[in-house]
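The shown structure was predicted, so the numbers you read here are calculated from the model rather than taken from an experiment.
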Amino acid sequence: MVTAISYDPRQNLNLRKDHGIVVVEEIEGLIKIYNNGHIERPPIVPNVPPNSLPHVTSKDVIFHNPTNLWSRIYLPTNNNPSKKLPLLIYFHGGGFSVGSAAWKCYHDFLSTLASKIGVVIMSVNYRLAPENRLPAAYDDGFHAITWLKNQAMVNSKEQNWWSSKCNFSIMFISGDSAGANIAFHVAIRLNNMKPLCLKGVILIQPFFGGESRTQSEKYSVQPPYSALNLSASDTYWRIALPVGSNRDHPWCKPRLSSMKFPSVLMCISEMDILKDRNLEMCGVLGDAGIKVEKHVYKGVGHAFHILHNSPLSQPRTQDMMSHLKAFIYNQ
């Protein structure tokens with residue numbers, strides 16, 4: 001029997017005595033959810049506009065008019081202009097409930113990534129929980145891929161600035177943390193997307209879970225610069241999964257059956273509470289006959305590649321970018 005998640009009135013309760021409003025869920029500094037439905041997301045990370053840098057140009061485009069969803073596209077300008085580049089779709093992290101493709105940390109990381117490894121990147125902005133619980137983010141990711149398929153077929157003048165430089169037959173889906181979870185579940189949905197051709201899936205510290213605790217969840221000592229602890233992880237799942245579900249839900253703990261799935265690159269942080277989940281997923285994918293390449297980055301915690309608040313973050317990020325480049329250009 002699956003036990004449903006429910007709010008514990010003894011946990012995470014704060015009162016605003018002036019109005020008698022109760023905070024029913026909170027991740028400090030990131031999100032507060034009140035019993036009247038009000039949600040606060042403090043601007044802990046600044047949003048930045050797209051821009052043109054010496055080696056990369058970025059612009060925002062709407063990809064789904066009904067929901068007004070948009071993505072930020074990055075085009076490196078330091079490559080051979082006659083050579084078409086691979087396409088990388090990227091989903092930002094944030095526990096499905098915070099974050100944006102406009103966050104400065106993601107804009108800086110993806111600008112650098114596009115320039116250094118020579119890929120066109122589509123950074124997808126998706127709807128957030130709890131206003132839009134899963135599978136909303138998966139639906140949005142699929143809409144983004146469908147839009148790309150249409151762009152590859154119609155070659156519109158409006159999008160020609162990047163689409164003319166893009167090889168749609170060499171496509172990769174990626175993301176970090178909750179974004180990697182989204183990338184995984186979107187990749188599973190893809191079927192007959194020609195002229196798009198999915199060559200690989202890149203999962204950076206993917207956010208998976210389960211009711212039973214792993215060793216790294218129970219015993220790993222989190223560095224002060226890590227972006228995820230066990231309490232926050234549980235909260236993210238409570239507010240993202242369908243009401244009445246628990247962490248054994250297949251969107252949290254995937255069940256793999258026979259399916260066609262391309263090669264996977266798994267990027268794991270040694271000091272991340274998700275380390276064992278990520279290693280476990282490597283085994284599950286391998287047992288399903290899927291080629292998996294994995295790298296464990298020593299001495300760093302969750303989201304080290306965007307936080308850069310550890311002495312080891314920068315060199316480990318450079319290592320990861322090198323692994324991404326090799327994976328993309330060797331498929």
Side-chain angles (χ1 to χ4, degrees), residues 2-49 64 66-70 91-106 124-141 175-179 181-182 207-211 213 217 222 224-249 251-253 273-274 301-303 306-307 309:
V2 176
T3 303
I5 289 176
S6 60
Y7 293 137
D8 184 342
R10 298 167 296 179
Q11 297 179 355
N12 296 328
L13 292 187
N14 295 320
L15 292 178
R16 282 169 38 173
K17 294 181 179 179
D18 52 339
H19 298 101
I21 298 173
V22 179
V23 177
V24 292
E25 291 286 8
E26 178 179 5
I27 299 174
E28 187 175 359
L30 290 171
I31 187 169
K32 282 185 179 183
I33 303 172
Y34 294 87
N35 63 335
N36 65 352
H38 177 67
I39 297 170
E40 294 177 359
R41 294 183 176 92
I44 191 171
V45 179
N47 289 324
V48 296
H64 191 242
T67 53
N68 203 36
L69 287 170
W70 56 276
F91 297 93
H92 67 79
F96 308 104
S97 59
V98 298
S100 169
W103 268 14
K104 185 179 187 301
C105 55
Y106 281 106
V124 180
N125 211 49
Y126 52 87
R127 290 172 293 169
L128 300 176
E131 301 96 322
N132 301 279
R133 290 175 177 262
L134 295 174
Y138 305 152
D139 295 340
D140 297 343
D176 66 276
S177 194
N181 178 295
I182 296 168
F207 189 38
F208 296 118
E211 284 296 299
R213 302 298 193 189
E217 287 172 342
Q222 290 302 290
Y225 47 83
S226 182
L228 186 69
N229 58 42
L230 191 58
S231 174
S233 174
D234 289 351
T235 302
Y236 283 134
W237 284 119
R238 280 197 300 273
I239 64 181
L241 287 171
V243 174
S245 303
N246 72 0
R247 294 190 306 275
D248 284 335
H249 191 285
W251 293 337
C252 179
K253 187 177 182 179
I273 64 168
L274 299 176
H302 196 73
I306 59 167
L307 294 181
N309 51 3

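Ala178 and Gly94 get closest at one heavy-atom pair: CB-N, 4.3 Å. The two atoms that bring Leu241 and Asn246 nearest to each other are CD1-O, 3.3 Å, heavy atoms only. Nearest heavy-atom pair across Ala129 and Arg133 is CB-CA, 4.2 Å.
For Asn68, the side-chain contact (heavy atoms from CB on, under 4.5 Å) criterion is met by Ile62, not counting sequence neighbours. Evaluation of the side-chain hydrogen bond (donor to acceptor under 3.5 Å, both in side chains) rule for His64 yields Thr67 as partners, not counting sequence neighbours. Partners of Ala136 by side-chain contact (heavy atoms from CB on, under 4.5 Å), not counting sequence neighbours, listed by chain and number: Arg127, Asn132. For Pro242, the side-chain contact (heavy atoms from CB on, under 4.5 Å) test picks out Ser245, His249, Trp251, with sequence neighbours left out. Among residues two or more places apart in sequence or in another chain, the side-chain contact (heavy atoms from CB on, under 4.5 Å) test is passed with Ala137 by Tyr126, Leu134, Ile182. Looking at residues two or more places apart in sequence or on another chain, you find no side-chain hydrogen bond (donor to acceptor under 3.5 Å, both in side chains) involving Ser97. Taking the side-chain hydrogen bond (donor to acceptor under 3.5 Å, both in side chains) definition, one finds that Glu131 meets it with Arg41, sequence neighbours left out. Applying the ring-ring contact (aromatic ring centres under 6.0 Å, His included) test to Phe208 and every residue at least two apart in sequence or in another chain returns Phe184.
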Name each donor-acceptor pair under 3.5 Å that joins a side chain in residues 99-106 to protein atoms two or more places apart or in another chain, with its distance.
| from | atom 1 | to | atom 2 | distance (Å) |
| --- | --- | --- | --- | --- |
| Ser100 | OG | Ala102 | N | 2.9 |
| Ser100 | OG | Asn125 | OD1 | 3.4 |
| Lys104 | NZ | Asp108 | OD2 | 2.6 |
| Tyr106 | OH | Gly93 | N | 2.8 |
| Tyr106 | OH | Asp176 | OD1 | 3.2 |
| Tyr106 | OH | Asp176 | OD2 | 2.7 |

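A distance of 13.5 Å separates CG of Asn181 from OH of Tyr236, quoted to the nearest 0.5 Å.
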